**Student:** 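Below are the structure tokens for one structure; questions will follow.
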Amino acid sequence: MNDGIVNVGVIGTGMIGSLHAGILSGRINGARVVAVMDLDGDRAAAAAANCGGARVFADAGALIEAADVDAVLIASPDAFHAKGALACIAAGKPVLCEKPMATTRADAERILRAEIAAGRRLVQVGFMREYDRAHRALLDLLRSGDIGRALRFRGIHMNPYRSSHATVATVIVNSLIHDIHSARFMMGAEITEAFVRWVPAIPKDARSARYAIIHISFDSGAIGTLEWSGDSGYGYEVEVEITGENGAAGTTGVHSPILRQGGTRSQAITPDWPDRFFDAYVDELAAWTGSVLAGQATGPSAWDGYMSLVVAEACIKSTESGQPEPVAGMERPAMYLPRGA
């Protein structure tokens, strides 16, 4: 990083990994992709070529240990996130790990404790909604006090197509994890209880999921709902609405122009998540590389990754018990307390 550029190694060059690599190479002035790794060699080679000739690795551990790699972006399948994050901590290298940080609460706690033992924050989790400008504008309004104390959170997350292999547990850990973190981040409060109801995608498979709603309670006394669809039938849409003591405010999931034509009034729906959140990914990666250069981690932390999985575990328990389940994590370590707290 002597030249003011972060040399990044990207692990996983599928859809999200290739998106990240392309943004880092083409849109972030303080970053350079110098290494990529994927089990699919052809896919890794294509991503490397698109990044101006980055080195291709066949082993994630070797990429992490490479002397010319300053920081690592993990975009491999979920099951490999925890192992990669732990290896980055052991190597003393900053890492942006795509969500979820791990697939189990136990693995998330291992990452948290490893980072605490290292004595400094190295992990940022890919909860990119923190960088979405619509979410930031709503958060600024909430913090201004204009609508008073927040009483209710509502998150809507509509996906455009169905995954035939999605179980309700997978949906919670892989997709609704975004909404869980969004609720914690926007409300500035921890979730204390979760109750899940869902509609199976396959009638004969009760654990499959096409539509789900999570009812949540916060330690602030507020309540909320997280609403998810795996097959909206019309496109991709994410919205947040917060009701306060003195009013309500929300984002809009549609940003296209309103068309009036032929006796109709319509707006186009974003087809999928890369279109809806592209600018958020750019801002996320710019903030991450800037924090690496500054030597001061910012953004969603390992604590956020851990607590989102604590909530997810309670949600999965609720799908099994049919009852609301308490959310109980460890006491928040001092490393992750706001400054001055």
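Remember, predicted model here, so these are calculated numbers, not experimental data.
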**Student:** Testing I74, I11, L86 for side chain to side chain contact (heavy atoms under 4.5 Å, CB included) with V95, which one passes?
**Tutor:** I74
**Student:** Are V310 and Y336 joined in one hydrophobic group, where the rule is that I, L, V, M, F, W and Y side chains link up if heavy atoms are under 4.5 Å apart?
**Tutor:** yes
**Student:** Ignoring hydrogens and angles, tell me if any N or O in the side chain of S18 forms a donor-acceptor pair with the backbone of G14 under 3.5 Å.
**Tutor:** yes
**Student:** Could you list the residues that satisfy side-chain hydrogen bond (donor to acceptor under 3.5 Å, both in side chains) with R27, not counting sequence neighbours?
**Tutor:** none
**Student:** Grouping I, L, V, M, F, W and Y whenever their side-chain heavy atoms are under 4.5 Å apart, do V311 and M186 come out in a common cluster?
**Tutor:** yes
**Student:** Could you give all pairs that pass the ring pair (Phe, Tyr, Trp, His ring centres under 6.0 Å) test and reach residues 46-98, with sequence neighbours left out?
**Tutor:** none
**Student:** Are the side chain of D59 and the backbone of G61 linked by a donor-acceptor contact shorter than 3.5 Å?
**Tutor:** yes
**Student:** Are L285 and L122 connected in a single hydrophobic cluster, I mean Ile/Leu/Val/Met/Phe/Trp/Tyr linked by side-chain heavy atoms less than 4.5 Å apart?
**Tutor:** no
**Student:** What heavy-atom pair brings A302 and M101 nearest, and what distance separates the two atoms?
**Tutor:** O-CE, 3.5 Å
**Student:** Atom CD in E227, atom CG in L176: separation rounded to 0.5 Å?
**Tutor:** 10.5 Å
**Student:** Is it true that, when you exclude E245 itself, more than 12 heavy atoms of the residues, nucleotides or ligands shown sit nearer than 6.0 Å to its CD?
**Tutor:** yes
**Student:** Below 30° counts as parallel, above 60° as perpendicular, anything between as tilted: where do the rings of F127 and H181 land?
**Tutor:** parallel
**Student:** Is there a side-chain contact between I191 and I180, using heavy atoms and a 4.5 Å cut-off?
**Tutor:** yes
**Student:** Who passes ring-ring contact (aromatic ring centres under 6.0 Å, His included) against W288, sequence neighbours left out?
**Tutor:** none
**Student:** Does any non-hydrogen side-chain atom of Q124 lie less than 4.5 Å from one of C97?
**Tutor:** no
**Student:** Testing the basics here: between W198 and A206, what is the closest heavy-atom pair and its distance to 0.1 Å?
**Tutor:** NE1-O, 3.0 Å
**Student:** Determine whether M330 and I89 fall in the same hydrophobic cluster, where Ile, Leu, Val, Met, Phe, Trp and Tyr are linked whenever their side-chain heavy atoms lie under 4.5 Å apart.
**Tutor:** yes
**Student:** Would you please test D107 and K83 for salt bridge (charged side-chain N to carboxylate O under 4.0 Å, His left out) and show each step?
**Tutor:** CA-CA 9 Å; D107 279 346; K83 182 178 179 180; over 6 Å; no
**Student:** For D78, enumerate each residue passing the side-chain hydrogen bond (donor to acceptor under 3.5 Å, both in side chains) test, keeping only those at least two apart in sequence or located in another chain.
**Tutor:** N174
**Student:** Quick one: closest heavy-atom pair of L96 and V125, and the distance?
**Tutor:** CD1-C, 4.1 Å
**Student:** Would you call E241 and R154 a salt bridge, using N to O less than 4.0 angstrom?
**Tutor:** no
**Student:** Quick check: do I213 and L226 have side-chain heavy atoms less than 4.5 Å from each other?
**Tutor:** no
**Student:** For L19, what residues pass the side-chain contact (heavy atoms from CB on, under 4.5 Å) criterion, not counting sequence neighbours?
**Tutor:** I16, I23, W273, F278, Y281
**Student:** Which residues satisfy the ring-ring contact (aromatic ring centres under 6.0 Å, His included) test with F277, sequence neighbours excluded?
**Tutor:** none
**Student:** Suppose we screen for side-chain hydrogen bond (donor to acceptor under 3.5 Å, both in side chains). Which residues come up paired with D42, at least two apart in sequence or across chains?
**Tutor:** none
**Student:** Quiz question: by atom type and distance under 3.5 Å, do the side chains of E115 and Y306 form a donor-acceptor pair?
**Tutor:** no
**Student:** Could you tell me if the side chain of P200 sits less than 4.5 Å from the side chain of D205, heavy atoms only?
**Tutor:** no
**Student:** Do V240 and R129 come within less than 4.5 Å of each other through their side chains, counting heavy atoms only?
**Tutor:** no
**Student:** Hey, any chance W228 and M128 share a hydrophobic cluster, counting ILVMFWY side chains that come within less than 4.5 Å of each other, even indirectly?
**Tutor:** no
**Student:** Do D219 side-chain atoms and E190 backbone N/O form a donor-acceptor pair below 3.5 Å?
**Tutor:** yes
**Student:** Is there a donor-acceptor contact under 3.5 Å from the side chain of S208 to the main chain of A201?
**Tutor:** yes
**Student:** Ignoring hydrogens, what is the shortest heavy-atom contact between A166 and V171? Give both atom names and the distance.
**Tutor:** CB-CG2, 3.9 Å
**Student:** Report the residues that fulfil side-chain hydrogen bond (donor to acceptor under 3.5 Å, both in side chains) with R120, sequence neighbours left out, ordered by chain and then residue number.
**Tutor:** none
**Student:** Rounded to the nearest 0.5 Å, how far does NE2 of H215 lie from OG of S318?
**Tutor:** 9.5 Å
**Student:** Just how far is it from atom CD1 of I214 to atom CD of E193, taken to the nearest 0.5 Å?
**Tutor:** 12.5 Å
**Student:** Could you tabulate the donor-acceptor pairs under 3.5 Å formed by side-chain atoms of residues 28-37, not counting sequence neighbours?
**Tutor:**
residue: R32; atom: NE; partner: N7; partner atom: OD1; Å: 2.9
residue: R32; atom: NH2; partner: D3; partner atom: OD2; Å: 3.1
residue: R32; atom: NH2; partner: N7; partner atom: OD1; Å: 2.9

**Student:** Looking only at heavy atoms, which two atoms of G9 and L63 are closest? And how far apart?
**Tutor:** CA-CD2, 3.8 Å
**Student:** Mind checking the CD1-CZ spacing from I223 to R152? Nearest 0.5 Å is all I need.
**Tutor:** 8.0 Å
**Student:** Decide whether E98 and H20 meet the rule of one side-chain donor and one side-chain acceptor closer than 3.5 Å.
**Tutor:** yes
**Student:** State whether a side-chain donor-acceptor pair under 3.5 Å links T319 with R207.
**Tutor:** yes
**Student:** Would you say NZ of K317 has more than 12 non-hydrogen atoms from neighbouring residues, nucleotides or ligands within 6.0 angstrom?
**Tutor:** no
**Student:** Considering non-hydrogen atoms only, spot the tightest contact between I242 and A150 and give its length.
**Tutor:** CG2-CB, 3.8 Å
**Student:** Do T170 and T167 meet the criterion of a side-chain donor-acceptor pair at a distance under 3.5 Å?
**Tutor:** yes
**Student:** Distance-only, no hydrogens or angles: does the Q267 side chain make a donor-acceptor pair with backbone N or O of S256 under 3.5 Å?
**Tutor:** yes
**Student:** Atom OG of S175 and atom CG of N159: how far apart are they, to the nearest 0.5 Å?
**Tutor:** 5.0 Å
**Student:** Under 4.0 Å between a Lys/Arg side-chain N and an Asp/Glu carboxylate O for D304 and R184?
**Tutor:** yes
**Student:** With no hydrogens and no angle check, is any side-chain donor or acceptor of D272 less than 3.5 Å from a backbone partner on P274?
**Tutor:** no
**Student:** Can you check whether M335 reaches W303 side chain to side chain, under 4.5 Å on heavy atoms?
**Tutor:** no
**Student:** Using the salt bridge (charged side-chain N to carboxylate O under 4.0 Å, His left out) criterion, which residues pair with R332? Sequence neighbours excluded.
**Tutor:** none
**Student:** Keeping T13 on the side-chain end and A47 on the backbone end, is there a donor-acceptor pair under 3.5 Å?
**Tutor:** no
**Student:** Evaluate the side-chain proximity of L309 to T104: yes if any heavy-atom separation is below 4.5 Å, no if none is.
**Tutor:** no
**Student:** Not counting sequence neighbours, list each pair that qualifies as a ring pair (Phe, Tyr, Trp, His ring centres under 6.0 Å) and has a residue in residues 82-124.
**Tutor:** none
**Student:** Has the side chain of S25 got a donor or acceptor atom that lies under 3.5 Å from a matching backbone atom of A21?
**Tutor:** yes
**Student:** First locate atom SG of C315, then atom CD of E320, and finally report the distance between them rounded to the nearest 0.5 Å.
**Tutor:** 11.5 Å
**Student:** Once salt bridge (charged side-chain N to carboxylate O under 4.0 Å, His left out) is applied, do any residues pair with D132, and if so which ones, sequence neighbours excluded?
**Tutor:** R276
**Student:** Counting C-beta onward and ignoring hydrogens, is there a side-chain heavy-atom pair between T225 and F153 closer than 4.5 Å?
**Tutor:** no
